[in-house]
Peer 1: 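There's a structure below that I have some questions on.
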Amino acid sequence: MRNKEAGARHHRLIYLLSVAHRRLQRWMAARPESEVTPAQAGLLFILGRQDGVLMGEAGAALDLGPAGISGLVDRTAAAKLIERRADREDGRAWRIWLTPKGRTALAQAKASAAEVNAALTEGFSAAEIDIVARWLTSIQDKFPRGADE
């Protein structure tokens with residue numbers, strides 16, 4: 001459904017989303033207390049909710065394809081934050097698990113995410129943030145993964 005309202009303002013949403021994404025990613029990666037990349041933090045958050053997920057499940061949750069999740073798991077395992085183990089029921093599948101170092105990094109990433117979320121929402125009401133969250137979520141519905149593959 002397009003906004004066809006006469007005189008609708010042109011907000012340059014694609015540009016604004018792109019710039020916001022790049023700036024936030026760079027800022028988060030440059031923080032001195034940041035031991036993990038934003039992508040690694042996302043993987044740690046998933047494992048914090050359910051340790052031992054299949055790599056494909058983690059990839060789907062992070063909106064990554066097989067190559068993307070494989071590379072992320074390789075880098076995160078090399079940092080000794082996670083370990084990969086063969087699935088007991090399907091030898092072709094791999095599950096990923098947090099290491100003790102990964103659990104510590106997860107706790108730090110959660111604290112950092114709380115600070116970043118506070119900065120992102122500063123100056124906006126809860127109702128405004130609800131609208132932004134709804135709008136961002138709607139993008140995933142309007143442009144589903146796989147539609148461009």
Side-chain angles (χ1 to χ4, degrees), residues 1 11-149:
M1 192 181 325
H11 292 286
R12 303 180 323 154
L13 297 176
I14 297 167
Y15 170 77
L16 292 172
L17 275 172
S18 181
V19 170
H21 175 258
R22 282 194 308 272
R23 287 192 184 184
L24 184 59
Q25 292 290 313
R26 280 194 307 256
W27 184 82
M28 289 172 59
R31 292 183 71 174
E33 67 275 10
S34 177
E35 292 187 30
V36 298
T37 66
Q40 288 173 326
L43 182 57
L44 297 179
F45 288 143
I46 289 167
L47 295 175
R49 284 192 306 260
Q50 183 185 349
D51 210 6
V53 299
L54 289 166
M55 280 182 56
E57 293 171 342
L62 293 170
D63 200 30
L64 296 173
I69 190 63
S70 181
L72 178 58
V73 167
D74 287 347
R75 291 186 301 278
T76 310
K80 304 203 182 314
L81 300 171
I82 62 169
E83 61 182 29
R84 188 181 351 214
R85 300 180 202 157
D87 183 72
R88 291 182 182 165
E89 297 173 14
D90 182 353
R92 300 167 297 169
W94 292 91
R95 293 190 177 270
I96 44 181
W97 303 84
L98 284 169
T99 63
K101 182 178 178 184
R103 290 186 194 291
T104 300
L106 172 60
Q108 292 169 340
K110 282 182 178 180
S112 179
E115 290 175 29
V116 172
N117 279 322
L120 288 170
T121 58
E122 184 179 343
F124 295 91
S125 69
E128 288 171 318
I129 296 303
D130 287 346
I131 290 169
V132 171
R134 184 172 65 86
W135 180 73
L136 290 170
T137 301
S138 80
I139 293 171
Q140 296 172 45
D141 296 333
K142 292 171 185 167
F143 305 98
R145 181 164 172 73
D148 59 346
E149 295 175 0

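The figures that follow rest on heavy atoms only: side chains count, while hydrogens, waters and symmetry mates do not.
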Peer 1: So, for Pro38 and Met28, which heavy atoms are closest and what is the spacing to 0.1 Å?
Peer 2: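 In this case the closest contact between Pro38 and Met28 is CG-CB, 4.1 Å.
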Peer 1: Looking only at heavy atoms, what is the nearest atom pair of Val53 and Ala58, with distance?
Peer 2: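 Shortest heavy-atom separation between Val53 and Ala58 comes out as CG2-CB, 3.9 Å.
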Peer 1: Which heavy atom of Thr99 sits nearest a heavy atom of Ile82, and at what distance?
Peer 2: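 For Thr99 versus Ile82, the nearest heavy atoms are CG2-C, 3.6 Å.
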Peer 1: Asp141: which residues meet the side chain to side chain contact (heavy atoms under 4.5 Å, CB included) condition with it, sequence neighbours left out?
Peer 2: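 With neighbours one apart ignored, the set is empty.
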Peer 1: Name all residues meeting the side chain to side chain donor-acceptor pair (under 3.5 Å) criterion together with Arg75; count only those two or more places apart in sequence or in a different chain, and write none if there are none.
Peer 2: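 Side chain to side chain donor-acceptor pair (under 3.5 Å) list for Arg75, sorted by chain: empty.
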Peer 1: Might you point out which heavy atoms bring Leu44 and Ala105 nearest each other, and give the distance in Å?
Peer 2: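 Closest pair (atom of Leu44, atom of Ala105, distance): CD1-CB, 3.9 Å.
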Peer 1: Which residues pass the side chain to side chain contact (heavy atoms under 4.5 Å, CB included) test with Thr37, sequence neighbours left out?
Peer 2: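 Here the qualifying residues are Ala39, Gln40.
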Peer 1: When you look at Leu136 and Leu17, which way does the side-chain contact (heavy atoms from CB on, under 4.5 Å) test go after all the steps?
Peer 2: CA-CA 10 Å; Leu136 290 170; Leu17 275 172; 3.8 Å; yes
Peer 1: Please indicate whether Arg85 has more than 12 foreign heavy atoms, meaning atoms of other residues, nucleotides or ligands, lying under 6.0 Å from its CZ.
Peer 2: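 More than 12 heavy atoms, drawn from other residues, nucleotides or ligands, come within 6.0 Å of this atom.
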Peer 1: Go through the steps to decide whether Arg84 and Asp74 satisfy the test side-chain contact (heavy atoms from CB on, under 4.5 Å), and finish with yes or no.
Peer 2: CA-CA 9 Å; Arg84 188 181 351 214; Asp74 287 347; 2.5 Å; yes
Peer 1: Can you list the residues that meet the side chain to side chain donor-acceptor pair (under 3.5 Å) rule with Asp51, with sequence neighbours excluded?
Peer 2: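 Checked Asp51 against side chain to side chain donor-acceptor pair (under 3.5 Å); matches are Arg103.
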Peer 1: Does any non-hydrogen side-chain atom of Leu81 lie less than 4.5 Å from one of Leu43?
Peer 2: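 No. Closest side-chain heavy atoms not under 4.5 Å.
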Peer 1: Ile46 and Ala61: which non-hydrogen atoms are nearest, and at how many Å?
Peer 2: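 Smallest interatomic distance, heavy atoms only, reads CD1-CB, 3.5 Å.
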Peer 1: Assess whether side-chain contact (heavy atoms from CB on, under 4.5 Å) is satisfied between Thr76 and Ile96, documenting all intermediate values.
Peer 2: CA-CA 10 Å; Thr76 310; Ile96 44 181; over 6 Å; no
Peer 1: Within a strict 4.5 Å, meaning less than it, do heavy atoms of the Thr137 and Arg134 side chains meet?
Peer 2: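 Thr137 does not reach Arg134 side chain to side chain.
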Peer 1: Hey, mind stepping through Arg88 and Arg95 against side-chain contact (heavy atoms from CB on, under 4.5 Å) and telling me if it holds?
Peer 2: CA-CA 9 Å; Arg88 291 182 182 165; Arg95 293 190 177 270; over 6 Å; no
Peer 1: Could you measure the distance from the CE atom of Met55 to the CG atom of Asp87? Nearest 0.5 Å is fine.
Peer 2: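 Spacing of CE (Met55) from CG (Asp87) equals 12.5 Å.
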Peer 1: Side chain of Ser138, backbone of Trp135: donor and acceptor closer than 3.5 Å?
Peer 2: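 It does hold such a pair.
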Peer 1: If the condition is side chain to side chain donor-acceptor pair (under 3.5 Å), which residues does Gln108 pass it with, not counting sequence neighbours?
Peer 2: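 Gln108 satisfies side chain to side chain donor-acceptor pair (under 3.5 Å) with no residue once adjacent residues are dropped.
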Peer 1: Tell me the closest heavy-atom pair linking Gly52 and Leu47, and the distance in Å.
Peer 2: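 That would be N-CD2, 4.1 Å.
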Peer 1: Should Phe45 and Leu106 count as side-chain neighbours, where that means a heavy-atom distance under 4.5 Å?
Peer 2: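 With C-beta onward as the side chain, the pair touches.
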Peer 1: Any non-hydrogen side-chain atom of Ile129 less than 4.5 Å from a side-chain atom of Leu120?
Peer 2: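 Result no, sub-4.5 Å side-chain heavy-atom pair not found.
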Peer 1: By salt bridge (Lys or Arg N to Asp or Glu O under 4.0 Å), which residues pair with Glu115, not counting sequence neighbours?
Peer 2: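 Applying salt bridge (Lys or Arg N to Asp or Glu O under 4.0 Å) to Glu115 gives Arg31.
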Peer 1: With no hydrogens and no angle check, is any side-chain donor or acceptor of Ser18 less than 3.5 Å from a backbone partner on Ile14?
Peer 2: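 No; judged by distance alone, with no hydrogens or angles, the pair does not exist.
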